[in-house]
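Let me begin by presenting the structure, written as structure tokens, before commenting on it.
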2 protein chains.
Amino acid sequence: MAVTKPAGGKPAGERVHRAAVRLFATKGFHGTGIRDLAKAADLSSASLYHYMPTKERLLADIMRTSLQGLLDAATGELDGVTDPVERLDRLVVLHVTRHAREPLRTRVVDNEVDALTPASRRDVVGIRDAYEKLWSDTIDDGLRSGVFTTTRPATTRLALLDMCNGVARWFSPGGELGRSDLADHYADLARRMVGAPPKQPR
Amino acid sequence: MAVTKPAGGKPAGERVHRAAVRLFATKGFHGTGIRDLAKAADLSSASLYHYMPTKERLLADIMRTSLQGLLDAATGELDGVTDPVERLDRLVVLHVTRHAREPLRTRVVDNEVDALTPASRRDVVGIRDAYEKLWSDTIDDGLRSGVFTTTRPATTRLALLDMCNGVARWFSPGGELGRSDLADHYADLARRMVGAPPKQPR
DNA sequence: TCCGGTCTATCGATCGATTGATCGACCGAG
DNA sequence: CTCGGTCGATCAATCGATCGATAGACCGGA
């Protein structure tokens, strides 16, 4: 009953957010005009500014909350887990599942970093670094305890992350491959890359 | 002696091309203004149009020639090579080496596809598809002959390519890791991913 | 039950700045 | 005297952002 206008059924603030994610992901931040955004959110370009301070701040908020959510989820997922193989499994499954569930949001996070102002960029990159440290620590642990065999752990970490990030570029929900199967397959690939034994030894 | 102005020592057309690659890679196509480009190429914005028909066509040319060069090199590299493991090795080494030698150009190719007009996009995506088919065929061959063990070859191909593409995002020439060592490491990772035996069995 | 006041949400109109692109003029080498 | 190369000036269009105004919901006091 609070809804007065049938403009999509969702509250306006959420419509702006969703439209921004979709447009920034598909056309890029600089490729998306304030009027494109307004049209997609079913608002005038003036009304837009009731829900965002600035176009750049809208982008920064999207990226910051998305990355923070990933970091929080990963921290929770690893809580109490000490086995490096299990830790790597969980990191990959969480990462891939998220990227497959929200490929648009992820693409914005991955591709629009240098559209941010220096201040926003510092925040975002700081969160991302904290997240990637979870991966570094896991790989280092695995090497120390001997379950991983890989030279150049730093490079391997980058290769792992790039591989997992790529999912957001091509995965389309509703395809033949489900999110869960996809995540399992990536976890297997990750184990192979670091030289850990496969999940079900044939 | 042909050089009349000391504007960087290079001919103007090449300066435009180089500046475009650098700016498109770091600030994005839509984030790069015609005046930024002119300044970086040490020309007026009007003179720019003696070396390009349109900003978009300049981008399309950069992407098309870069991708075509990669496809040609790969085709030549695979000529006569039938062993799937050797083929995969060569594909990875070529791909990674190129991405490490010219990360800026590669970033443009990878990130600015949807800044193209539909016509240009068709061309570029067509070349890219032909290139990726080399990878698909190699993986299929390896599976058929039994040297590769991987379920879901299509997904594994995507994971491989995303991993190798990622190099352009973080590699900086002159770092501690050389291009050749990097390429070898990636070839090893690729072998592990498809389940092929490592190069030097310890 | 009505009233004045406040707040949120929305808009059309418009701001100055910048966009990609074009024009005519000029310059120096051949 | 021509002509490839270069430029300042400028075009219409669009950019991100702001303005004042309006409509309606809600609230406390008469």
Side-chain angles (χ1 to χ4, degrees), chain A residues 1-21 23-24 26-63 108 112 114-120, chain B residues 1-21 23-24 26-63 108 112 114-120:
Chain A
M1 48 255 330
V3 179
T4 29
K5 287 187 68 178
K10 307 272 187 179
E14 189 180 329
R15 292 203 315 270
V16 172
H17 190 90
R18 283 164 125 78
V21 169
L23 292 178
F24 290 168
T26 53
K27 308 175 42 167
F29 176 74
H30 291 299
T32 302
I34 221 65
R35 290 159 185 82
D36 302 327
L37 191 52
K39 184 159 293 185
D42 199 38
L43 281 175
S44 74
S45 66
S47 302
L48 227 47
Y49 285 84
H50 269 263
Y51 301 98
M52 65 184 203
T54 269
K55 199 181 96 166
E56 189 271 342
R57 287 275 295 273
L58 174 62
L59 171 67
D61 283 350
I62 289 174
M63 297 183 62
V108 174
E112 302 296 339
D114 39 36
L116 295 171
T117 62
S120 301
Chain B
M1 39 242 9
V3 179
T4 29
K5 287 185 70 177
K10 307 274 187 179
E14 189 181 329
R15 290 198 322 265
V16 172
H17 189 90
R18 282 165 125 76
V21 168
L23 292 178
F24 290 169
T26 53
K27 309 175 41 169
F29 175 75
H30 291 298
T32 301
I34 220 66
R35 289 157 186 83
D36 303 327
L37 192 51
K39 183 159 294 184
D42 199 38
L43 282 175
S44 74
S45 67
S47 302
L48 226 48
Y49 285 84
H50 271 263
Y51 302 98
M52 64 184 203
T54 271
K55 199 182 95 167
E56 190 271 341
R57 287 275 293 274
L58 174 62
L59 171 67
D61 283 349
I62 290 174
M63 297 182 62
V108 174
E112 303 296 340
D114 39 37
L116 295 171
T117 61
S120 302

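Worth knowing before you read on, the calculation uses all heavy atoms, side chains too, and leaves out hydrogens, waters and symmetry mates. Since the structure is predicted, the reported quantities are computational estimates derived from the model, not experimental observations. Sequence lines set the chain letters: A, B, ... in the order given, protein chains first and strands last, and positions in each chain run from 1.
Proximity of a side-chain donor or acceptor of B:S44 to a complementary backbone N or O of B:S47 within less than 3.5 Å is detected.
The phosphate of D:dC7 has neither OP1 nor OP2 within less than 4.0 Å of any side-chain N or O from B:Y49. A close approach under 4.0 Å does not occur between any side-chain nitrogen or oxygen of A:S47 and OP1 or OP2 of C:dT10.
B:T54 comes within 4.0 angstrom of sugar-phosphate atoms only, judged by non-hydrogen atoms across all strands, and of no base. Contacts of A:L48 with the nucleic acid, taken as non-hydrogen atoms under 4.0 Å apart, are absent.
Residue-to-nucleotide proximity on DNA chain C shows that, of A:R35 and A:L43, the 5′-proximal contact is made by A:L43. The residue among B:H30 and A:A12 whose nearest nucleotide of DNA chain C is located toward the 5' end is A:A12.
Looking at A:D114 and B:K27, no side-chain N of the basic residue comes within less than 4.0 Å of a carboxylate O on the acidic one, giving no salt bridge.
In this model, a side-chain donor or acceptor of A:H50 finds a partner on the base of C:dT10 within 3.5 Å.
Residues B:V16 and B:L37 approach most closely at O-CD1, 4.2 Å, considering heavy atoms.
Atoms NE2 and CG, from B:H17 and B:L58 in turn, are 7.5 Å apart once rounded to the nearest 0.5 Å.
Here the side chain of B:Y51 is nearest to one of D:dC7, D:dG5, C:dT10, namely D:dG5.
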